[in-house]
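A quick write-up on the structure given underneath.
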Amino acid sequence: MERRTIGAGALGVGAVGLGCMPMSWAYNGSRQRGDASLRTVHRALDLGSTLLDTADMYGPFTNELLLGRVLKERRADAFVSTKVGLLVGEQHIVANGRPGYVKRACDASLRRLQTDVIDLYQLHRADPEVPVEETWGAMAELVRAGKVRALGLCAVGARGGRRSGTGMHDTTLRQLQRVQQVFPVAAVEAELSVWSPQALRALLPWCAARGVGFLAAMPLGNGFLTGTLTPGEGFERDDVRARHPRFTAEMMAANQPIVAGLRRIARRHGERVTPAQVALAWVLAQGRHVIALPGTKQERWAVENAAAAEVRLTEEDLTEVSRLPAAQGSWD
């Protein structure tokens with residue numbers, strides 16, 4: 001697979017990584033199978049999808065434990081990204097950015113992942129009660145201690161405290177400017193897809209101008225852009241899409257022209273090319289500093305996603321994507 005680099009340290013990873021969250025958290029809990037997920041991770045590594053993206057809150061903790069079973073055997077094949085800063089309660093999630101907690105959480109993640117070092121340690125969310133510089137400073141100490149190789153920041157999403165008249169990523173950009181003064185940012189993780197392209201406006205250019213890697217989360221639009229979801233089919237209660245305004249039966253039907261457009265482009269590239277691969281190829285075409293992070297727990301989708309790195313969209317294709325209708329039913 002094509003290799004891309006993250007940050008000034010030129011950390012090399014496959015252009016398409018593996019989002020591991022669905023294996024343990026947020027999607028179809030009844031279909032989560034540990035052995036199947038393990039096979040998926042192994043297959044992804046075999047195909048060059050070396051960046052494994054997880055977080056201590058996924059499960060919580062169980063996703064890191066699962067990856068640890070793979071890393072125990074194949075640590076040299078993987079680039080491990082995990083996150084800190086969110087605590088999961090019974091019915092709520094809270095931020096914790098206190099320096100002491102960050103250091104303890106890192107040690108716990110290292111034990112679960114069965115590794116001596118985390119390649120990319122990301123701040124999942126800034127704690128509103130703790131200056132972000134203090135949290136980032138504690139994370140920087142972990143780099144100096146040899147427990148972490150590089151630091152990243154997850155962008156505040158569309159629902160993350162937007163005020164009228166502000167851009168979606170204004171809060172994230174302010175945080176980045178502040179923490180960059182403390183220790184270099186190697187990567188930013190944020191949603192980017194054909195139906196959620198907002199990061200192109202300011203966040204992606206910020207990263208490109210500073211040599212910061214961009215990890216494109218949800219590049220398949222929570223599965224919608226694969227064209228495999230049926231409007232009205234419904235989701236399990238623990239599936240995040242059951243509460244997402246773009247996944248009502250009405251909005252899924254209204255957004256079908258986006259999938260139809262991706263399917264048209266896919267046909268031009270061959271019978272075996274899928275809408276999902278076109279969607280991922282579009283993400284990769286946004287810059288050499290962009291790494292796509294599609295999430296899956298199934299081996300078949302990991303294989304399909306990895307093959308998207310070989311799809312090269314033409315200018316005609318990119319223009320056609322830019323003319324697709326905007327997604328309906330956003331958080332705004």
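The residues of the chain are indexed from 1 along the displayed sequence. Fair warning: this is a prediction, and the values are worked out from it, not measured in the lab.
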Next on the checklist: Listing request: all ring pair (Phe, Tyr, Trp, His ring centres under 6.0 Å) pairs with a residue in residues 277-327, at least two apart in sequence or in separate chains.
Outcome noted: none
Checklist entry - How close do Ile118 and Ser109 get, heavy atom to heavy atom, and via which atoms? => result CD1-CB, 4.2 Å
Checklist entry - Less than 4.0 Å between a side-chain N and a carboxylate O, is that true for Arg39 and Asp46? => result no
[atom1]/[X] to [atom2]/[Y] distance, rounded to the nearest 0.5 angstrom?
X      : Y      : atom1 : atom2 : answer
Ile6   : Asp119 : CD1   : CG    : 9.0 Å
Glu304 : Leu220 : CD    : CG    : 8.5 Å
Ser37  : Glu299 : OG    : CD    : 11.0 Å
Gln277 : Thr226 : CD    : OG1   : 11.5 Å

Item to check | Partner residues of Glu320 under the side chain to side chain donor-acceptor pair (under 3.5 Å) criterion, sequence neighbours left out | outcome: Arg264, Arg268
Next on the checklist: Which residues pass the side chain to side chain donor-acceptor pair (under 3.5 Å) test with Asp127, not counting sequence neighbours?
Outcome noted: none
Return all side-chain donor-acceptor pairs below 3.5 angstrom for residues 94-105, not counting sequence neighbours, or 'none' if the list is empty.
from, atom 1, to, atom 2, distance (Å)
Asn96, OD1, Arg98, N, 3.1
Lys103, NZ, Glu141, OE1, 2.5
Arg104, NH1, Gly100, O, 3.4

Going by atom types only, do [X] and [Y] share a side-chain donor-acceptor pair under 3.5 Å?
X      : Y      : value
Gln122 : Thr82  : no
Thr54  : Asn63  : yes
Asp317 : His269 : yes

List the atom pairs, donor and acceptor, that lie under 3.5 Å between side-chain atoms in residues 199-210 and the rest of the protein, sequence neighbours left out.
from, atom 1, to, atom 2, distance (Å)
Arg210, NH1, Trp206, O, 3.1

Checklist outcome for this item: ring-ring contact (aromatic ring centres under 6.0 Å, His included) filter on Phe224, not counting sequence neighbours, yields Trp195
Checklist entry - Any side-chain heavy atom of Cys106 within less than 4.5 Å of one from Lys147? => result yes
